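This report concerns only the one structure given below.
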There are 2 protein chains.
Amino acid sequence: MNSGRFTPESARLDDAARAAWLYYVAGNTQDEIARKMGVSRQSAQRLVATAVAERLVKVRLDHPIGRCMDLAEALTKKYALQSCEIVPSDPGAPDLLTGVAIAAAIELERVLKSPEGKIIALGTGRALKATVEQFPRMTSPQHRIVSLLGNMMADGSATPYNATISLAERVGATHYPYPLPVLASDAAELENLHGQRAVRNTIALCGQADFTLVGIGQMDHSAPLFVDGFVPETEMRELAAAGATGEITSWVYDSHGVLIDCAFNARVASAPLPKAADRRVVAVAVGAAKLAAIDAACQGRLVNGLITNEATAELLLAK
Amino acid sequence: MNSGRFTPESARLDDAARAAWLYYVAGNTQDEIARKMGVSRQSAQRLVATAVAERLVKVRLDHPIGRCMDLAEALTKKYALQSCEIVPSDPGAPDLLTGVAIAAAIELERVLKSPEGKIIALGTGRALKATVEQFPRMTSPQHRIVSLLGNMMADGSATPYNATISLAERVGATHYPYPLPVLASDAAELENLHGQRAVRNTIALCGQADFTLVGIGQMDHSAPLFVDGFVPETEMRELAAAGATGEITSWVYDSHGVLIDCAFNARVASAPLPKAADRRVVAVAVGAAKLAAIDAACQGRLVNGLITNEATAELLLAK
DNA sequence: CTATTTAATGAATATTTGCCCATGCACTAA
DNA sequence: TTAGTGCATGGGCAAATATTCATTAAATAG
């Protein structure tokens, strides 16, 4: 049933995809699918469930929901954004990433459909990871995908929120990981690290990116930097005292979206934030906790595009 | 709730889209949606149904099989087939038989899994041989496997593309070989051959077959009939002049799938092609060279099922 | 203002789906 | 070979979904 390499695993996915097609596209009931595929009804159900679990089934809504359009327009005006995408919130789970992840994946797909080779720069974090998971497989080796920062801790261990590798894999493009820790121990080590030829090349690519997609981190007790163990509590307190409101690829900024001149930022190993004037720099972020951080980033023109959900958009407008 | 002009219709679609989003993307049940949107459960169901009916919900399958299913559906419609199976092509080897052979074997297996004794009729050729090679061993002596044609040349030597014997061996079923050459020397000899009791019995079985699986031969310089030495070049040219486009079990047909009334067909010793109206007659065929032959066979209802690959399916649809 | 038609609603019900669990089969290690 | 370990299978049942139908509300014409 499968021409290439035949493995039990690929056969299982083939069947799952076939069942899902019959279910979602052709509109069969699971009973009919079972008969057509010669399995029991329960097995058919399992196949469909597998296809959903393996993310083979992608659902999208082809309708601009009025309320979301209104919010997007209002935010575009408020922050002078180049692009703004609002997805509906689930009232019960307003911080759900799935919706924005799909929207971001569609945006990304639009860029990567181009026949010209594009450079895509990606940050890290849960939102980015969720976005890449929504991304369909395609074959577009003309593009280059580059990481804006490392995901290693000082001891060399890595967080799992890496988006570059899996996106590159799905796109079939070459990728440029960022082979540095998130933070250097001091400015001197940083200079040394940045001197490496490969690193210089990667950073240069980041500066030329046609499309940059980043997450936004808040700076309170639930801050990704703190939760993931990059920054100890004492330093978090110092940063808060210095007015830290949010961070993008670890660069910490204040409530106006201006990078803070502090010891912490002097150790940040990430690529410099692109000037969001001439290139598209889009943030994906959701949740009340990130409110101040999103507001500041937009105000300070650290990003010129925003993908968020209804609930967050309403809070932003109320600010 | 809606930007731009407010009409009852657009509000209805907005709600439908929102409900569909909560259902398909956020994974709510219709009960939850009803509570969240403040409507009854039935209304929520209707909203979701509306969104589907209005085609606001787009589902796609991120798996090679998805494309295959689309093609199968299109071909089923185009040729009014009873069944159509498309396997993914290996882009590097678009004429590889392995994929379709596995698919055909699975189809065959489905029939042979039945506890009732079935009659299976088989043609010859590389595709059939490959199919049988993919067939697992089983013990189902209740079935009968019968050959639709011989594989002897006039001198009594045999081509190796015999499927009946090895399938019967793998299934553990009784088999009925076709003890005649492919071609008689003339109509008189043919009548004589067909008079044999065993042959009459075999042909009768072919007519009752529950499932008939055949290959399709093209009629150009790469024709199996020519390559395997059944037909000399001069006769091939005559047939081509008479409009021969393809052959199934050596019966030669024109570009509309109508058997050609000619000296050659008068010598063909194979069992008559089953009327593909009431019985399942499935062809396995792959490759650009067979395009016209496949198209004609389907057009002329010589077969009512097709197993091929993605590349061939695309070419057929483009015709 | 009323009669008539149309569309929307929710109750009742039929169908479909999701899940748990006992069973059995295949594979592994001793 | 045998006991053990997983893992797929299908029965059974509860949950969720779709459909039908009678009723009511709204819209429109007279």
Side-chain angles (χ1 to χ4, degrees), chain A residues 1-2 6-59 61 90-93 96 98, chain B residues 1-2 5-59 61 65 102 105-106 109-110 112-116 135-140 170 172:
Chain A
M1 182 99 44
N2 153 310
F6 186 89
T7 68
E9 176 62 9
S10 73
R12 195 180 69 94
L13 285 183
D14 280 6
D15 281 354
R18 177 175 304 267
W21 189 93
L22 289 167
Y23 189 63
Y24 288 107
V25 182
N28 288 278
T29 72
Q30 298 182 353
D31 236 330
E32 294 172 306
I33 297 170
R35 268 197 302 283
K36 287 181 187 174
M37 296 184 61
V39 298
S40 71
R41 195 189 61 72
Q42 291 90 331
S43 300
Q45 194 273 327
R46 278 176 198 122
L47 287 173
V48 174
T50 303
V52 175
E54 300 282 348
R55 303 180 185 286
L56 302 181
V57 179
K58 298 280 161 66
V59 181
L61 263 177
D90 181 341
L96 196 74
T98 322
Chain B
M1 183 82 71
N2 149 304
R5 217 164 4 272
F6 181 89
T7 69
E9 177 61 9
S10 73
R12 196 179 69 92
L13 286 183
D14 276 8
D15 281 354
R18 180 174 302 267
W21 189 90
L22 288 167
Y23 189 64
Y24 287 108
V25 181
N28 289 277
T29 72
Q30 298 181 352
D31 231 335
E32 295 172 305
I33 296 170
R35 268 198 302 282
K36 287 174 186 175
M37 295 183 62
V39 297
S40 73
R41 205 186 54 68
Q42 288 94 327
S43 299
Q45 194 277 326
R46 279 178 193 122
L47 286 174
V48 175
T50 302
V52 174
E54 300 281 347
R55 310 201 171 281
L56 303 182
V57 179
K58 298 272 163 70
V59 181
L61 267 175
I65 291 289
I102 292 175
I106 288 174
E109 201 183 337
R110 205 164 292 157
L112 292 178
K113 252 193 231 150
S114 147
E116 294 102 62
F135 204 84
R137 287 179 191 283
M138 54 195 284
T139 312
S140 302
R170 283 170 195 248

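Computed from a predicted structure; not experimentally measured.
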>> Restricting to non-hydrogen atoms, name the atom on A/Ala44 and the atom on A/Val39 that form the minimum distance, rounded to 0.1 Å.
In response: N-CG2, 4.0 Å
> Of the non-hydrogen atoms in A/Asp90 and B/Ala26, which two are nearest, and what is the gap between them?
Replying inline: OD2-CB, 3.6 Å
> Between B/Tyr23 and B/Asn28, what is the shortest heavy-atom contact and its length?
Replying inline: CD1-O, 3.2 Å
> Quick one: how far along DNA chain D does chain A reach, first to last nucleotide 5' to 3', anything under 4.0 Å to a heavy atom?
Replying inline: D/dT9 to D/dG12
>> Holding to side chain to side chain contact (heavy atoms under 4.5 Å, CB included), I want the full list of residues that pass it with A/Ser40, two or more places apart in sequence or in another chain.
In response: A/Gln42, A/Ser43
>> Quick check: closest heavy atoms across B/Asp15 and B/Met37, and the distance to 0.1 Å?
In response: O-CE, 3.7 Å
>> So if I take residues 38-50 of chain A and measure heavy-atom distances to DNA chain D, which residues fall below 4.0 Å?
In response: A/Ser40, A/Arg41, A/Gln42, A/Ser43, A/Arg46
> Which pair of heavy atoms, one from B/Ala17 and one from A/Leu61, lies closest together, and at what distance?
Replying inline: O-CD1, 3.1 Å
> Looking only at heavy atoms, what is the nearest atom pair of B/Ala51 and B/Ala20, with distance?
Replying inline: CB-CB, 3.5 Å
> Roughly how many Å is it from OH in A/Tyr23 to P in C/dT16, rounded to a whole number?
Replying inline: 10 Å
> Rounded to the nearest 0.5 Å, how far does CG of B/Leu56 lie from OH of B/Tyr24?
Replying inline: 11.0 Å
